[in-house]
Trainee: 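Below: one structure in structure tokens.
Values reported hereafter were calculated over all heavy atoms of this structure, with side chains retained and with hydrogens, waters and symmetry mates removed. The shown structure was predicted, so the numbers you read here are calculated from the model rather than taken from an experiment.
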Amino acid sequence: MNTALNRRGLLAATAATGLTLAPVNFARAEDRPGPAPDGPHRTRTVRGTLPVGSPDYVYLPVEVPRGVAEFAVSYTYGKPPVPPGAQGNALDIGLFDERGTDLGGRGFRGWSGGARTSFLVRSDAATPGYLPGPVRPGTWHIALAPYTVAPEGLPYEVTVTLRFGEAAPAPAPVYPPERTKGRGRAWYRGDCHVHSVHSDGRRTPAEVAAAARAAGLDFINSSEHNTSSAHAAWEGLWGDDLLILTGEEITTRNGHVLAVGTDPGVFVDWRYRARDHRFGRYAHQVRRAGGLVVPAHPHATCIGCNWKFGLAEADAVEVWNGPWTPDDEVALAEWDNALVASVRNADDGPGRWLPAMGNSDAHREPDRLGHPQTVVLAESLSRRAVLAGIRAGRSYLAESAALTLSFAATDGRGRHAGIGERLRAAADAPVTLRLEVSGAAADCTVRLVTDQGVLLTTPLPSAGAGVVEWRTTPAHAAYVRAEVRHAPAVPGLPGAFAALTNPVFLDAEAGTSG
């Protein structure tokens with residue numbers, strides 16, 4: 001079957017969420033199942049070309065008859081050379097079952113993006129990225145997502161194979177527990193942005209869990225691109241030493257956002273752009289499922305990775321993603337500006353502020369899980385307690401489990417506030433900030449940053465460890481946060497982070513300290 005898309009049809013389709021092609025029908029006589037080495041099956045192949053300007057999602061309907069035990073798909077597409085500065089072809093793929101393709105609907109059966117060229121689903125198993133379950137009769141849809149299209153178009157070929165027979169019993173999914181032993185109220189280390197073979201990673205869940213333990217982590221969040229298939233893939237991999245949260249990296253054409261710690265099995269749709277005004281609906285879905293909304297690598301330079309939805313719906317923001325790069329520096333500056341905005345109207349009471357997170361976004365070797373990591377003060381090693389600590393900003397970011405710090409403010413009356421907390425004192429009351437660091441590299445420098453900017457830069461007192469104290473007043477600093485940076489690789493530019501704290505806020509009381 002050849003499918004040609006004319007420009008008039010495409011322009012009409014772009015106003016909707018996608019374009020639907022002519023259906024693949026298996027009712028013709030030559031497609032009747034017959035004996036084959038791997039059992040009775042039917043196969044059809046569809047070819048077509050997507051021109052420049054294609055909708056984000058093009059749906060290929062497949063009419064599935066009764067008696068199908070397995071739905072299998074393979075696909076290829078052309079990758080012609082392109083002129084300098086032009087984008088080449090990239091075609092993602094996914095699957096929706098007979099329940100339909102409605103946004104946020106129940107029809108989702110899997111997504112692999114561009115990570116693999118074939119997949120299958122059946123009642124008892126599915127390719128990673130896809131959800132096992134019965135292959136019921138009705139109209140299924142293969143989702144083709146032209147990520148980028150070359151000037152001469154994107155030729156594709158999709159082959160669908162339906163295998164007939166008795167469906168095997170579907171196993172009940174086993175999800176990670178919400179709590180593990182832990183150490184009571186303590187600082188717990190976690191990485192909430194990791195990938196496995198269930199999206200575009202190369203590690204199995206077992207290898208991810210082993211890497212997390214080797215990195216000294218206490219918790220991780222399963223965050224595959226646009227699929228919840230990994231939620232049930234961790235059986236036997238958690239333990240008293242490792243809490244596994246379930247979530248998703250919601251990967252839209254206008255940026256990526258982490259759903260951290262959602263209820264197991266919850267899938268969050270991604271098929272919208274900022275101009276569609278739909279993100280708020282899905283942010284609310286994440287929270288209803290018990291999770292946090294965390295924009296990921298908001299200033300990443302890859303196509304579609306830059307965050308365009310704003311921060312009004314965010315619970316935290318990922319300002320450090322993997323090894324420190326210039327786009328992290330931009331994300332840090334934007335986050336710091338948001339902190340200033342949150343204290344601008346302090347006279348009206350404490351403003352809402354957005355905590356920072358750091359995650360590895362590890363996909364494969366040599367990516368290091370836990371570089372960086374978010375170290376959270378939590379009442380227990382449980383989903384509820386860890387997410388509460390992240391939401392409250394009781395956390396700091398570190399490049400590895402070797403680095404530990406504490407940061408707090410005290411006033412002359414003995415009142416104390418730690419990371420993410422508020423110290424109320426007279427506007428002119430002396431307040432002492434104390435940073436204690438251990439396990440840093442010998443080349444590291446401490447910077448203390450306020451709403452005015454960097455007000456103290458000093459090397460650590462001894463190689464990789466030491467205490468730095470600094471005095472200020474609430475009138476002079478609405479908040480103070482600490483940075484531990486390596487020596488700059490380029491003279492005149494700030495060095496890469498070893499650690500970063502969320503702020504301690506200094507709230508000025510009326511009157512004077514006298």
Side-chain angles (χ1 to χ4, degrees), residues 17 56-57 92 94 103-104 108 111 113 129 145 147 190-195 198-201 220-231 245-263 266-322 327-328 330-332 334-335 338 352-363 372 374 386-387 390-391 393 395 397:
T17 57
D56 288 346
Y57 303 100
D92 294 345
L103 282 173
F108 175 77
W111 181 257
Y147 191 63
D191 189 342
C192 290
H193 190 168
V194 299
H195 294 280
H198 282 261
S199 59
D200 59 346
I220 57 174
N221 179 67
S222 174
S223 53
E224 307 296 356
H225 294 284
N226 297 342
T227 183
S228 57
S229 70
H231 291 188
L245 306 175
T246 54
E248 182 182 336
E249 183 173 6
I250 306 162
T251 306
T252 81
R253 296 299 180 89
N254 282 164
H256 303 185
V257 59
L258 301 174
V260 178
T262 49
D263 294 334
V266 168
F267 158 72
V268 184
D269 215 317
W270 75 97
R271 293 171 293 159
Y272 41 83
R273 295 195 185 207
R275 67 190 180 209
D276 299 324
H277 304 290
R278 289 193 173 105
F279 175 66
R281 166 184 170 185
Y282 296 101
H284 295 161
Q285 181 191 355
V286 171
R287 295 193 187 94
R288 285 196 304 271
L292 301 181
V293 177
V294 183
H297 46 65
H299 291 279
T301 55
C302 48
I303 296 172
C305 296
N306 198 285
W307 184 245
K308 303 291 188 182
F309 295 87
L311 299 177
E313 294 285 355
D315 296 305
V317 62
E318 188 183 76
V319 303
W320 185 358
N321 175 276
D327 56 273
D328 293 312
V330 175
L332 173 72
E334 180 182 60
W335 171 66
R352 176 184 178 271
W353 67 283
L354 202 60
M357 288 191 72
N359 300 301
S360 72
D361 199 0
H363 283 70
T374 301
V386 166
L387 296 187
I390 294 171
R391 186 185 294 108
S395 59
L397 288 49

Trainee: Please find the pair of heavy atoms, one from V293 and one from A283, that lie closest to each other, and give the distance.
Mentor: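 Scanning both residues, the minimum pair turns out to be CG2-O, 3.7 Å.
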Trainee: Could you measure the distance from the CZ atom of F267 to the OH atom of Y282? Nearest 0.5 Å is fine.
Mentor: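 Rounded to the nearest 0.5 Å, the CZ-OH separation comes to 8.5 Å.
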Trainee: Could you tell me whether the side chain of T246 and the main chain of S222 form a donor-acceptor pair under 3.5 Å?
Mentor: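 A pair under 3.5 Å: no.
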Trainee: Supply the atom-to-atom distance F279 CZ to T252 OG1, rounded to the nearest 0.5 angstrom.
Mentor: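 The CZ atom of F279 sits 8.5 Å away from the OG1 atom of T252.
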Trainee: So which atom in P355 and which in W335 form the shortest heavy-atom distance, rounded to 0.1 Å?
Mentor: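 For P355 and W335, the tightest heavy-atom pair comes out as C-NE1, 3.9 Å.
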Trainee: Could you check whether any side-chain N or O of D191 sits under 3.5 Å from a backbone N or O of I220, counting only pairs where one atom can act as donor and the other as acceptor?
Mentor: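 Between the backbone of I220 and the side chain of D191 there is no qualifying donor-acceptor contact (under 3.5 Å).
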Trainee: Evaluate side chain to side chain contact (heavy atoms under 4.5 Å, CB included) for Y272 paired with N254, printing each intermediate quantity in order.
Mentor: CA-CA 8 Å; Y272 41 83; N254 282 164; over 6 Å; no
Trainee: Check for a donor-acceptor pair, side chain of E313 on one end and backbone N or O of H284 on the other, with a separation under 3.5 Å.
Mentor: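 No, the answer is negative, given that no donor and acceptor are paired below the 3.5 Å cut-off.
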Trainee: Donor-acceptor pair, distance only, cut-off 3.5 Å: does the side chain of W320 make one with the backbone of G322?
Mentor: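 Checking the backbone N and O of G322 against the side chain of W320, a donor-acceptor pair under 3.5 Å is found.
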Trainee: The criterion is side-chain hydrogen bond (donor to acceptor under 3.5 Å, both in side chains); which residues satisfy it with S395, sequence neighbours excluded?
Mentor: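 S395 satisfies side-chain hydrogen bond (donor to acceptor under 3.5 Å, both in side chains) with N502 once adjacent residues are dropped.
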Trainee: Quick check against the 3.5 Å criterion: does E248 have a side-chain atom that pairs as donor or acceptor with the backbone of V268?
Mentor: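 Checking the backbone N and O of V268 against the side chain of E248, a donor-acceptor pair under 3.5 Å is found.
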Trainee: For D269, which residues count as a salt bridge (charged side-chain N to carboxylate O under 4.0 Å, His left out) partner, sequence neighbours excluded?
Mentor: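 By the salt bridge (charged side-chain N to carboxylate O under 4.0 Å, His left out) rule, D269 matches R271.
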Trainee: List the residues meeting side-chain hydrogen bond (donor to acceptor under 3.5 Å, both in side chains) with N321, not counting sequence neighbours, and say none if there are none.
Mentor: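 Scan of N321 (side-chain hydrogen bond (donor to acceptor under 3.5 Å, both in side chains), adjacent residues dropped) gives E318, D361.
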Trainee: Begin with the C-alpha distance, continue with both residues' side-chain angles, and end with the deciding distance and a verdict on side chain to side chain contact (heavy atoms under 4.5 Å, CB included) for V266 and R288.
Mentor: CA-CA 10 Å; V266 168; R288 285 196 304 271; over 6 Å; no
Trainee: Apply the test side chain to side chain contact (heavy atoms under 4.5 Å, CB included) to residues E224 and S229: give CA-CA distance (whole Å), side-chain angles for both, the deciding distance (0.1 Å), then the verdict.
Mentor: CA-CA 8 Å; E224 307 296 356; S229 70; 5.6 Å; no
Trainee: Applying ring-ring contact (aromatic ring centres under 6.0 Å, His included), can you list everything that pairs with H195, at least two apart in sequence or on another chain?
Mentor: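 Expected list: H193, H225, H363.
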Trainee: Which residues satisfy the side-chain hydrogen bond (donor to acceptor under 3.5 Å, both in side chains) test with R273, sequence neighbours excluded?
Mentor: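 Partners of R273 by the side-chain hydrogen bond (donor to acceptor under 3.5 Å, both in side chains) criterion, ordered by chain and then number, come out as D56.
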Trainee: Checking the side chain of S223 only, and the main-chain atoms of V194 only, is there a donor and an acceptor separated by less than 3.5 Å?
Mentor: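 Yes, S223 side chain to V194 backbone: donor-acceptor pair under 3.5 Å.
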Trainee: Can you list the residues that meet the side-chain contact (heavy atoms from CB on, under 4.5 Å) rule with A338, with sequence neighbours excluded?
Mentor: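 Partners of A338 by the side-chain contact (heavy atoms from CB on, under 4.5 Å) criterion come out as none, since no residue qualifies.
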Trainee: Rounded to the nearest 0.5 Å, how far does SG of C192 lie from CE of M357?
Mentor: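 Between M357 CE and C192 SG, I get 4.0 Å after rounding to 0.5 Å.
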Trainee: Can you measure from CG (L258) to CG (D315) and round to the nearest 0.5 angstrom?
Mentor: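 Taking CG in L258 and CG in D315, the distance rounds to 11.5 Å.
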Trainee: By ring-ring contact (aromatic ring centres under 6.0 Å, His included), which residues pair with W111, not counting sequence neighbours?
Mentor: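 Expected list: W270.
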Trainee: Side chain to side chain contact (heavy atoms under 4.5 Å, CB included) for V257 and V286? Distances and angles first, verdict last.
Mentor: CA-CA 11 Å; V257 59; V286 171; over 6 Å; no
Trainee: Nearest 0.5 Å, what's the CD-OG1 distance between Q285 and T262?
Mentor: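 Answer for the CD-OG1 pair, Q285 versus T262, is 9.0 Å.
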Trainee: Rounded to the nearest 0.5 Å, how far apart are CG of L311 and CZ of R352?
Mentor: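 It comes to 8.5 Å.
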Trainee: Could you tell me whether a side-chain N or O of H299 sits under 3.5 Å from a main-chain N or O of D328, the two making a donor and an acceptor?
Mentor: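 It does not hold such a pair.
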Trainee: How about R253 and Y147: do any of their side-chain heavy atoms sit closer than 4.5 Å?
Mentor: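 R253 reaches Y147 side chain to side chain.
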Trainee: Can you name the residues that form a salt bridge (charged side-chain N to carboxylate O under 4.0 Å, His left out) with D263, not counting sequence neighbours?
Mentor: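 D263 satisfies salt bridge (charged side-chain N to carboxylate O under 4.0 Å, His left out) with R383 once adjacent residues are dropped.
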Trainee: Please examine the side chains of V317 and P298, heavy atoms only from C-beta on, and report whether any two atoms are closer than 4.5 Å.
Mentor: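 Side-chain contact under 4.5 Å: yes.
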Trainee: Got a sec, which residues hit side-chain hydrogen bond (donor to acceptor under 3.5 Å, both in side chains) with D92, two or more places apart in sequence or on another chain?
Mentor: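 Here no residue qualifies.
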Trainee: Under 3.5 Å, is there a donor-acceptor pair between the side chain of N221 and the main chain of G261?
Mentor: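 Yes.
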Trainee: Under 3.5 Å, side chain of T251 to main-chain N/O of H256, donor-acceptor pair present?
Mentor: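 It does not hold such a pair.
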